[in-house]
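Each chain gets a letter, A, B and so on, in the order its sequence line appears, and its residues count up from 1.
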Amino acid sequence: MVRIAPSPTGDPHVGTAYIALFNYAFTKQRGGKFLLRIEDTDRQRSTRQSEDMILASLKWLGIQWDEGPDVGGPNGPYRQSERLDIYRTHVDQLVETGKAYWCSCTAERLDAVRKEQTARKENPGYDGRCRFRDPTEVKAEIKGGAPGVVRLKIPRGPGDPKAGADASSSPQLVSFVDHLRKELEFNTKEVDDQVLQKSDGFPTYHLANVVDDHLMGVTHVFRGEEWISSTPKHVLLYRAFGWEPPEFAHLSLLRNSDKSKVSKRKNPVSLNWFKEAGYLPDALVNYLGTMAFTFEDGREIFSLQDFVDHFTLDRVSLNGPVFDLKKLLWLNGRYLREKRNDQQIVQYLKERLFNDDYLLQIVKIAKERFEKSEDFVSYAPWFFSAQPYVEGGGDGADLLIRGKTKKETLALWEALVERIDVALVFSHDNVDVVLKAWCEASALSPKDAFMPLRLMLTAKKATPGLPESMSVLGRERVRTRMRAALELIKKLPEIPASKPGEIAPASSPAKTTTTP
RNA sequence: GACCCCAUCGUCUAGAGGCCCAGGACAUUGCCCUUUCACGGCAAUGACGGGGGUUCGAAUCCCCCUGGGGUCGCCA
């Protein structure tokens, strides 16, 4: 029994699919079950909409689970928010057996402690104040309104600054086997007295995932490398409950081209985007498979079933693979040519690109501007191409903002992408607000800023209004187009002024015009 | 900074001591096919991070360094 346990915050992530795929292959090969659990313990950020998208995306990719919130199963419920009483019981049990304790420290105090520790060059972490206090006193404070959390009492060894009266005489080591590596060992002085239950009564990931994995009968945990350093906490938790931990294996993380952990700021990561941008699910699954696995016979093109059939842990690689959109594109092309017939492609185009819903949105914002059907095609081709500006051969010179240097322009566009990223809903009205706020904060006039923006998104000077065009394109496409265009700007020679075609002297007054 | 993980072409990787002056794929470049562009075919460029060991012999084993990454939250 394995699981994928996504957190329903935001868009479905390509990393979720990647981890899900490896879990799926491992368990299906040995006839095991695959369950999907929703880790919605973050009350603020979890949404049902996000959950729905994640489920839909994984299904789109053909990765189907045997148990989950939508299909049910013997180990439900599969949403952590529906298992609160279970966690509470378990937390109580830990407190009663002295394996965990209540803590009433405020966020301010914790910050201060961390600061001091950092200043003293100690590792930041909870200092264990409430661990050594009278529990009834702590309880009273919590009743009186102090925040109340429950922390795990990590066994402490000698020389551990957080040990207090609990220091045992021998070093406290925790080890576990990572099936893709070897035995990994940690000293508990590197492990924090982790919060298990937050002050809102919800469990933290650490508690919920351990309790659920145990109760749901999960035998193997395949997850991202980012979890290695919290695995000791989990092992200690299993131990506190008196349970046997599952087998662990940590997969290396997908990377941006600069080798950092893949992120939306540097790469498209939303499965929604891949779907909208015309990537085929089987091609994407194939590609994700190649990110950390190679077939013994060297084949690079394989189906999900092939992957399941041939998967083996000793052919999993641990280098952090760079997610290379170019290679995915090549693969996708081969799938389109070799694994789809003409009829299927027509069908696919209708569904993905020329579906009624999308066309309707476009017509709604563009119809005033055309008089016959073909006008529509010549007027709005950028609704149907991935990167119109870049593909159109633009060099980026006309994307500079009037009166700004290259560097200033880049900073401004970056700031706008940032605002677009955090906008709650990508509706016409919201985009309008975002654009206006950005102009205002940057002391820009829309007149100077909107044309280059329009160009980078559409490669055209005449388009429907920017906010409505952007909202129809959607956040992911807007971000991707902007990022691609920014790369072009970066390659531009350093020219102080920004009027295309105009060579400004070194003593250009451009800089003096940057502030109104 | 502390702890941990990782280390072969620009990228994904093959390679589990001699078969490797390192093989494949993407990307790049050139040629062929072709009215064009693609597709396809052929070819070229291109890597074992550095230093010590072990060994008759090391990309492969060990150590150190370096580099990259992750974690250090009442987020997962």
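When the C1' atom of B/rG69 is taken as reference, atom CG of A/Leu254 falls 13 Å away, rounded to whole Å. Atom CZ in A/Arg181 sits about 14 Å away from atom P in B/rG70, given to the nearest Å. Atom CG in A/Leu196 sits about 12 Å away from atom P in B/rA76, given to the nearest Å. Between A/Lys233 atom NZ and B/rC74 atom P the separation is 9 Å, expressed in whole Å. Between A/His234 atom NE2 and B/rU71 atom P the separation is 13 Å, expressed in whole Å.
Going from the P atom of B/rU66 to that of B/rG51 covers 15 Å, rounded to whole Å. A gap of 32 Å separates the P atoms of B/rC21 and B/rC31, to the nearest Å. B/rG17 and B/rC62: their P atoms are spaced 12 Å apart (whole Å). Here the separation of B/rG53 from B/rC72, taken at their P atoms, is 41 Å to the nearest Å. Here, B/rG10 and B/rG49 have their P atoms 11 Å apart, quoted to the whole Å.
Neither OP1 nor OP2 of B/rC4 sits under 4.0 Å from any side-chain N or O of A/Lys189. Taking only side-chain nitrogens and oxygens, A/Arg337 comes nearer than 4.0 Å to OP1 or OP2 of B/rG40. Close to B/rA76, at under 4.0 Å from its OP1 or OP2, lies a side-chain N or O of A/Lys198. At B/rA14, one or more side-chain N or O atoms of A/Thr294 fall inside 4.0 Å of OP1 or OP2 (strictly under the cut-off). At B/rU71, one or more side-chain N or O atoms of A/Lys261 fall inside 4.0 Å of OP1 or OP2 (strictly under the cut-off). Put simply, A/Arg114 has a side-chain N or O that comes within less than 4.0 Å of OP1 or OP2 on B/rG73. Using a 4.0 Å cut-off, some side-chain N or O of A/Arg315 falls inside it from OP1 or OP2 of B/rG15. For the OP1/OP2 pair of B/rA76 and a distance below 4.0 Å, the side-chain nitrogens and oxygens of A/Thr41 include at least one atom meeting the criterion. Regarding contacts with the backbone of B/rC5, a side-chain N or O of A/Lys182 is found under 4.0 angstrom from either OP1 or OP2.
Among the nucleotides B/rC4, B/rU71, B/rA27, the one closest to any side-chain atom of A/Glu226 is B/rU71.
Close placement of the A/Phe323 and A/Tyr287 rings is indicated, their centers lying within 6.0 Å of each other. Checked against the 6.0 Å centroid criterion, the rings of A/His214 and A/Phe241 do not qualify as a close aromatic pair. Two rings, from A/Tyr279 and A/Trp273, have their centers less than 6.0 Å apart.
Here A/Leu328 lies out of heavy-atom contact (under 4.0 Å) with every strand. Residue contacts shown for A/Val195 are limited to sugar-phosphate atoms, with no base heavy atom under 4.0 Å away. Among the heavy atoms of the strands, none lies under 4.0 Å from A/Tyr287. Nucleic acid contact for A/Gly298: none, since no nucleic acid atom lies under 4.0 Å from a heavy atom of the residue. Counting non-hydrogen atoms under 4.0 angstrom, A/Arg255 reaches the backbone sugars and phosphates but no base. Contact annotation for A/Glu300: base contact, defined as any heavy-atom pair under 4.0 Å involving a base atom. Residue contacts for A/Pro6: at a heavy-atom cut-off of 4.0 Å it reaches no nucleic acid atom on any strand shown. Looking at heavy-atom distances under 4.0 Å, A/Leu184 makes contact with sugar-phosphate atoms alone, never a base. Note on A/Lys121: nothing from the nucleic acid sits closer than 4.0 angstrom, heavy atoms only.
A salt bridge links A/Glu225 and A/Arg181; the closest N-O separation between the charged side-chain nitrogens and carboxylate oxygens is under 4.0 Å.
Side-chain contact check for A/Asp212 and A/Gln80: at least one donor-acceptor pair (N or O, by modelled atom type) lies under 3.5 Å. Side chains of A/Ser104 and A/Glu141: a donor on one and an acceptor on the other come within 3.5 Å. Under 3.5 Å, the side chains of A/Glu67 and A/Tyr78 contain a donor-acceptor pair of N or O atoms.
Pairing of B/rC3, defined by two Watson-Crick or G-U wobble distances under 3.5 Å, is identified with B/rG70. Of all nucleotides present, none satisfies the Watson-Crick or G-U wobble test against B/rC21 with each distance under 3.5 Å.
Taking 3.5 Å as the limit, the base of B/rC4 and the side chain of A/Ser229 contain no donor-acceptor pair of atoms between them. Put simply, the side chain of A/Lys327 and the base of B/rA25 share a donor and an acceptor less than 3.5 Å apart.
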